[in-house]
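One structure is given below, represented as structure tokens, and several questions about it will come after.
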Amino acid sequence: MAHSADGLAPAQLVDAIDESIRAHAKAGVALQTADDVDYHGRSLSLAGQQLLNFGGCSYLGLEQRPELKDAVIEAVRRYGTQFSMSRVYMDSPLYKTLEGALATMTGGHALVTASTTLGHIAALPVLVRPGDAIVMDRFAHASLHTAVALLKGIPIVIVNHGRMEQVEQEVIRLAAQHERVWYLGDGLYSMEGDFAPLASLAELLQRHPQVRLYLDDAHSTSWLGRHGRGHVLDVLGGNERVIVALSLNKAFSAGGGALIFADRQERDRVRRCGGPLLFGGPVQPPLLAAAVASARLHLAPEFAGLQRELITRIERVNAKARELGIPLANHDVSPIFFVPCGPAERTYPIIRGLHERGVFVCLGAFPAVPHGRSGVRFTVSVHNTLDDVDHLLGALASELRFHGVVCEH
């Protein structure tokens, strides 16, 4: 999720971001380094203190599964630490295995990329043609804003977050002058944990044949949908006018990203022409092997039970937050939670107070959210016990009340 500062030139925006991150770091809530001790997911060590971990994105805890660890070790033994060739010449054989498993998971044609960000940078300059236009949600992930900035001569309209009436107005206006209109956004927004309005987007596709969707669903990969294919593919999978980017980091617990196409020819064109797919470095064998092992877990019958374990924890947060009057930004069934607190300076002591109470949470502040709309961002995973969740919410309610953030309890 990214928010540009309206009216600022690029150099001014960099200065604003630099000033903001410096302030967050000085306040002791950003640019921190975990202690060099064993890590098992449920807690982390920071400055000698053990903190319950409510800041990660490994929502299903797969990074600690022996199947993934053993696959990494075996891949190093078989292939070494890297397969040092450009993909324009040669792929590691693990790519073919992984893309086949992802195709089975998603029901589409999979293209593995070195990261979700590099997937966007590879795909969008190939997919978006002269004569097209783009409508993009303001809160779309920073990686989408970065990729779109590389497009030359393409009209780009940024719309307010979730305002589908504004999206449709822009689509109608642009469609009168352009061959195709692309809508770009997230499947699950990474800061406040709210879902894209997929029912409205499906209606948009039906009403406007010139519309195409390109959606980054990194944060719902794995923990949501059949075989972990995510929110967007569960609803819109198989539509040739929809392309979805997944993450093989986060809940998938390996490395890289994947683009999922309904059209095989479109997938192959991006493979042949996407710059980072030709000239960038590959995902290396140890992480490819971890991704293959993770994909096999996703396809196992018991995987749905692991997803349900996470849902139980999400529902516990929502119920406890209502009980304690904690003002969550929304109550979507998502592992990402955000408590608006106002200016960053008001949020800093709340974050530090939670750390002192043995709980690690994150700051949500500019440039991830607009100035003046900072808050406490936390996540849950299957590493967290229900008692951990209760401790977090109790500590959060106390800190919010102490610092004057409304808590209706």
Side-chain angles (χ1 to χ4, degrees), residues 1-37 39 41 43-58 117 138-143 145-146 149 189-193 219 249-250 326-329 336-381 391-407:
M1 180 171 171
H3 299 270
S4 62
D6 292 336
L8 291 182
Q12 293 174 311
L13 179 57
V14 170
D15 288 344
I17 292 172
D18 186 37
E19 180 181 357
S20 184
I21 297 297
R22 282 174 181 265
H24 305 337
K26 184 177 180 180
V29 295
L31 300 183
Q32 301 177 95
T33 301
D35 297 338
D36 187 10
V37 298
Y39 171 75
S43 64
L44 54 81
S45 181
L46 180 65
Q49 183 183 9
Q50 283 292 315
L51 306 176
L52 291 174
N53 180 14
F54 288 95
C57 297
S58 182
T117 299
R138 186 176 301 278
F139 284 14
H141 195 270
S143 56
H145 286 268
T146 298
Y189 285 87
S190 61
M191 195 53 53
E192 295 189 359
H219 277 277
N249 291 296
K250 300 182 174 67
I326 295 172
L328 296 176
I336 302 167
F337 301 89
F338 188 87
V339 181
C341 299
E345 294 75 16
R346 192 182 189 194
T347 311
Y348 294 156
I350 298 173
I351 301 285
R352 291 194 298 261
L354 287 168
H355 291 180
E356 290 169 5
R357 292 172 181 264
V359 177
F360 180 80
V361 297
C362 297
L363 170 73
F366 182 82
V369 302
H371 281 296
R373 292 176 58 184
S374 301
V376 177
R377 179 187 183 273
F378 64 93
T379 59
V380 294
S381 76
H391 177 72
L392 161 69
L393 273 295
L396 178 57
S398 295
E399 288 295 326
L400 293 173
R401 283 194 294 270
F402 181 76
H403 292 284
V405 177
V406 174
C407 219

Task: Interatomic spacing from NE2 in His145 to CZ in Arg138 - rounded to 0.5 Å - done: 8.0 Å
Task: Gln32 to Gly28 - nearest heavy-atom pair and separation - done: OE1-O, 3.3 Å
Task: Pairwise salt bridge (charged side-chain N to carboxylate O under 4.0 Å, His left out) hits with a residue in residues 11-22, at least two apart - done: Asp18-Arg22
TODO: Could I get the full list of side chain to side chain donor-acceptor pair (under 3.5 Å) partners for Thr146, not counting sequence neighbours?
DONE: none
Open item on the list: List the residues meeting ring pair (Phe, Tyr, Trp, His ring centres under 6.0 Å) with Phe337, not counting sequence neighbours, and say none if there are none.
Closed with: Phe378
Task: Nearest-0.5 Å distance, CD1 of residue Ile326 to CG of residue Leu396 - done: 4.5 Å
TODO: Please tell me if the side chains of Phe139 and Val369 come closer than 4.5 Å, counting only heavy atoms from C-beta onward.
DONE: no
Task: ring pair (Phe, Tyr, Trp, His ring centres under 6.0 Å) partners of His355, counting only residues at least two apart - done: Phe360
Open item on the list: Working to the nearest 0.5 angstrom, can you tell me the gap between Ser374 OG and Phe338 CZ?
Closed with: 6.5 Å
Task: Minimum heavy-atom distance Asp35-Ala47, with the two atoms named - done: OD1-N, 3.1 Å
Task: Inter- and intrachain pairs under salt bridge (charged side-chain N to carboxylate O under 4.0 Å, His left out), touching residues 355-381, at least two apart - done: Arg357-Glu399
TODO: Please list all pairs passing the side chain to side chain donor-acceptor pair (under 3.5 Å) test where one or both residues lie in residues 340-354, with sequence neighbours left out.
DONE: His24-Tyr348
Open item on the list: With a 4.5 Å cut-off on side-chain heavy atoms, are Val339 and Leu328 touching?
Closed with: yes
TODO: Quick one: which residue pairs count as a side chain to side chain donor-acceptor pair (under 3.5 Å) with a foot in residues 48-58, not counting sequence neighbours?
DONE: Tyr39-Asn53, Ser43-Gln50, Ser58-Glu63, Ser58-Ser253
Open item on the list: So Cys341 and Val376, do their side chains get closer than 4.5 Å, heavy atoms only?
Closed with: yes
Open item on the list: Within this structure, what is the OG-NZ distance for the pair Ser381 and Lys250, rounded to the nearest 0.5 Å?
Closed with: 15.0 Å
Task: pair Ile336-Cys57: side-chain heavy atoms closer than 4.5 Å - done: no
Task: Straight-line distance of Leu400 CG to Leu354 CG, nearest 0.5 Å - done: 7.5 Å
Task: Side chain His403, main chain Val405, donor-acceptor under 3.5 Å - done: no
- [ ] Working to the nearest 0.5 Å, report the span between CG of Asp36 and OG of Ser45.
- [x] 10.0 Å
